[in-house]
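Letters A, B, ... are given to chains in the order of the sequence lines, protein chains preceding strands, and every chain is numbered from 1.
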Amino acid sequence: MIQFSPLALSDIVASCKENIVSDMGGEKVMLSIKNGNYYNLGHVGGCIWDGIAEPVSVEKLVENMISEFAVEAEACAVQVVAFLEQLRKEGLILVNEEATSAALA
Amino acid sequence: NQAKKAWQQPELEVLNVSM
């Protein structure tokens, strides 16, 4: 099983393009072409997904969420990082070199 | 000031279907 080091606020993340995403009743639902699984990202998760369409630092992503949602900064950072870890575990996002090189491709 | 949206802890739900 692949073990990842924990994401840091300085890490760069971007969404993996090998997914089909659709809005259903205000929530984002996604099909991964890579593994054939369907996912429900929910409303906030969908906003995070939109926020990583292009490579962005975790810190900047958290700042964007804080400006858009009524949430404490610390709680937001912890929960956004945990969500990104879930996405990474499922192979749905790119991190650091993967993210930046994919953007240049 | 624009009203901020309500925050809910984001969770990735793996749906019980697969192609």
Side-chain angles (χ1 to χ4, degrees), chain A residues 13 15-16 18-22 24 26-52 58 61-93, chain B:
Chain A
V13 294
S15 59
C16 194
E18 296 163 336
N19 303 299
I20 297 171
V21 183
S22 177
M24 291 182 68
E27 298 195 336
K28 219 173 259 309
V29 176
M30 181 165 65
L31 166 64
S32 167
I33 298 297
K34 204 187 311 189
N35 63 25
N37 287 337
Y38 285 88
Y39 301 93
N40 181 9
L41 282 69
H43 175 62
V44 174
C47 291
I48 292 172
W49 184 260
D50 289 339
I52 58 173
V58 176
L61 176 64
V62 170
E63 286 174 10
N64 292 344
M65 291 298 115
I66 292 168
S67 66
E68 187 174 348
F69 290 92
V71 59
E72 294 293 328
E74 190 176 344
C76 183
V78 169
Q79 293 177 21
V80 166
V81 167
F83 182 70
L84 291 171
E85 299 274 17
Q86 289 180 297
L87 293 174
R88 179 160 68 160
K89 188 178 160 194
E90 294 292 328
L92 302 173
I93 61 169
Chain B
N1 272 340
Q2 191 176 4
K4 291 185 177 182
K5 300 178 196 170
W7 174 265
Q8 280 188 317
Q9 180 166 348
E11 284 285 344
L12 180 66
E13 180 186 4
V14 183
L15 301 175
N16 193 21
V17 288
S18 169
M19 66 180 184

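The two residues Ala70(A) and Trp7(B) have their closest heavy-atom pair at O-CB, 3.6 Å. The nearest pair of heavy atoms linking Ala6(B) to Val44(A) is O-CG2, 4.5 Å.
There is no contact between Val78(A) and chain B, counting heavy-atom distances below 4.5 Å.
Put simply, of Ala82(A), Gly45(A), Ser67(A), the one with the most heavy-atom pairs under 4.5 Å next to chain B is Ser67(A).
The only option from Leu84(A), Leu92(A), Ile48(A) that meets the side-chain contact (heavy atoms from CB on, under 4.5 Å) definition with Leu12(B) turns out to be Leu92(A).
In this structure, the side chain of Lys4(B) does not engage the main chain of Val71(A) through any donor-acceptor pair within 3.5 Å.
Note: Met30(A) CE to Leu15(B) CG = 10.0 Å, rounded to the nearest 0.5 Å. Atom-to-atom distance recorded for Glu11(B):CD and Gln79(A):CD is 8.5 Å, nearest 0.5 angstrom.
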